[in-house]
A.B. asks: 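Below is the structure I would like to discuss, written out as structure tokens.
In the text below, chain A, chain B and the rest are named by the order of the sequence lines, each starting its count at 1.
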2 protein chains.
Amino acid sequence: MKTETRKEEIIRVAAKLFKEKGYSAVTMRDIAKSMDIKAASLYNHINSKQDILEAIIISLAEQFTTEMLEIKKSEIGAIDKLKQIITLHVRLSSQNIYGMASLNNDWMHLEEQMSYYIKLRSDYENDFKHILEEGIRSGELIAVKPDVMMFSILTTLRSLYLWIPKKEDINLGELSENLSLILLNGINK
Amino acid sequence: MKTETRKEEIIRVAAKLFKEKGYSAVTMRDIAKSMDIKAASLYNHINSKQDILEAIIISLAEQFTTEMLEIKKSEIGAIDKLKQIITLHVRLSSQNIYGMASLNNDWMHLEEQMSYYIKLRSDYENDFKHILEEGIRSGELIAVKPDVMMFSILTTLRSLYLWIPKKEDINLGELSENLSLILLNGINK
DNA sequence: GTCTATATCCCGATAGAC
DNA sequence: GTCTATCGGGATATAGAC
């Protein structure tokens with residue numbers, strides 16, 4: 001296990017604070033206080049508050065993009081692809097709960113990197129929708145509007161970060177299975 | 001149709017800005033600029049920025065509480081209660097898209113009213129969960145953990161405000177029906 | 001690598017003229 | 001009801017000592 005650098009520590013501590021109050025409400029003094037140093041000392045490791053936000057959001061967004069590419073390439077049915085997407089969200093969300101909060105809620109405070117982020121997200125959503133459309137065409141999925149389907153599934157997956165920490169006893173594999181069951185087959189008996 | 005007071009206009013304009021950038025990132029000068037007046041003039045109608053946030057969030061939260069009470073009292077099955085909850089979220093979200101954004105994302109910036117808001121939300125979630133538990137007991141719903149069910153359905157409903165404005169051509173009744181189909185019966189054929 | 005001191009700017013809010 | 005002017009405080013970020 002690699003030792004955490006001071007820069008990585010700043011990013012980790014900042015992400016936790018961003019989750020609680022949002023990027024705009026967290027000050028450099030808040031971050032410094034959580035590390036028991038002074039705000040000015042942070043600038044020996046990072047260039048700006050904005051840099052911290054970019055580090056949190058872009059790396060996470062790129063992980064989703066990379067893994068979606070793998071799922072897209074694999075030669076399996078739509079249902080199986082969706083199950084893999086569910087597992088992907090459970091895994092990345094549980095690995096980086098605080099970062100997921102910024103990804104969801106603070107992307108609009110990105111500056112130079114905003115348009116890059118928006119492209120990554122938009123590509124991801126298009127890939128997701130194509131999987132649904134392919135599933136409808138092949139008869140695997142019901143013929144409801146893919147927009148509504150995607151919205152319903154993706155907002156649930158994007159909110160996982162809010163919910164995983166509350167259930168510390170949870171088994172992540174079991175969570176993925178329960179979610180697949182509910183999202184794919186519904187709750188109606 | 002009642003004429004909008006200046007105070008109501010401030011709240012409406014502020015809610016729109018809060019949705020775009022969040023409470024903390026919106027300044028009184030931003031709100032004033034959107035109304036073509038100076039920031040100081042706002043204080044002739046409201047006491048503080050915090051008052052605006054309270055007006056947006058608390059009235060919406062109370063609407064959900066009131067309507068949940070009606071649904072709870074009605075003598076219908078769990079599935080029908082869930083359909084009514086879905087319709088409730090579609091209706092309130094479409095009526096107040098900007099307010100729903102603050103309700104979801106800016107409640108943590110409440111001050112005096114924070115604990116009251118948390119109680120309203122917590123009561124709502126408990127009522128929701130009891131409906132699911134009752135549905136499992138009666139055999140209407142599958143026996144998956146009600147926590148996971150509630151999380152999945154409620155996060156989708158809470159995110160409707162993000163999605164409704166993108167589909168201006170949408171029929172709200174049709175949206176409610178599609179959502180009921182997807183959330184209750186899944187997308188698997 | 002952290003500190004103190006400070007520059008520069010913008011925040012919410014108030015006072016008082018009109 | 002809106003304005004100008006301003007207060008007091010806190011924001012990000014830099015300079016330079018240690």
A.B. asks: Taking the side chain as C-beta and beyond, is there a heavy-atom pair between B/Met68 and B/Phe128 under 4.5 Å?
C.D. replies: yes
A.B. asks: Distance check needed: D/dC7 P versus B/Met28 CE, whole Å only.
C.D. replies: 20 Å
A.B. asks: Round to a whole Å and report the spacing from CD of B/Gln50 to P of C/dG12.
C.D. replies: 12 Å
A.B. asks: From C/dC3, C/dG1, C/dG12, pick the nucleotide closest to the side chain of A/Ala40?
C.D. replies: C/dC3
A.B. asks: Quick one, A/Tyr43 and A/Asn47 - any side-chain contact, counting heavy atoms below 4.5 Å?
C.D. replies: no
A.B. asks: When you check the side-chain N and O atoms of B/Thr155 and A/Thr155, is any donor under 3.5 Å from an acceptor?
C.D. replies: no
A.B. asks: In whole Å, I'd like the distance from the CG atom of B/Leu42 to the P atom of D/dT2.
C.D. replies: 9 Å
A.B. asks: Answer yes or no for A/Lys19 and A/Tyr161: cation-pi contact, defined as NZ/CZ to six-membered ring centre under 6.0 Å and angle to ring axis within 45°.
C.D. replies: no
A.B. asks: Would you say the side chain of B/Arg6 and the base of D/dG1 hold a donor-acceptor pair, judged only by whether the two atoms sit under 3.5 Å apart?
C.D. replies: no
A.B. asks: Which nucleotide in the set C/dG1, D/dC3, C/dA13 lies at the smallest distance from any side-chain heavy atom of A/Asn44?
C.D. replies: C/dG1
A.B. asks: Taking the nucleotide of DNA chain D with the nearest heavy atom to each, does A/Asp30 or A/Asn47 sit closer to the 5' end?
C.D. replies: A/Asp30
A.B. asks: What integer distance in Å separates B/Glu9:CD from D/dT2:C1'?
C.D. replies: 14 Å
A.B. asks: Send over the distance from A/Lys7 NZ to C/dG1 P, rounded to a whole Å.
C.D. replies: 13 Å
A.B. asks: Take the protein atom NE2 of B/His45 and the nucleotide atom P of C/dT14, then report the distance between them rounded to whole Å.
C.D. replies: 15 Å
A.B. asks: Measure the distance from CG on A/Leu53 to P on D/dT12 and round it to the nearest whole Å.
C.D. replies: 13 Å
A.B. asks: Is any side-chain nitrogen or oxygen of B/Ser41 closer than 4.0 Å to OP1 or OP2 of D/dC3?
C.D. replies: yes
A.B. asks: By nearest heavy atom, map A/Lys38 and A/Arg29 onto DNA chain C; which one lands nearer the 5' end?
C.D. replies: A/Lys38
A.B. asks: With a cut-off of less than 4.0 Å, is there a side-chain N or O of A/Tyr43 near OP1 or OP2 of D/dA13?
C.D. replies: yes
A.B. asks: Rounded to the nearest Å, what distance is computed from the NZ atom of residue A/Lys49 to the P atom of nucleotide D/dT14?
C.D. replies: 15 Å
A.B. asks: List the atom of A/Pro146, the atom of A/Lys129, and the distance in Å for their closest heavy-atom pair.
C.D. replies: CB-CG, 4.2 Å
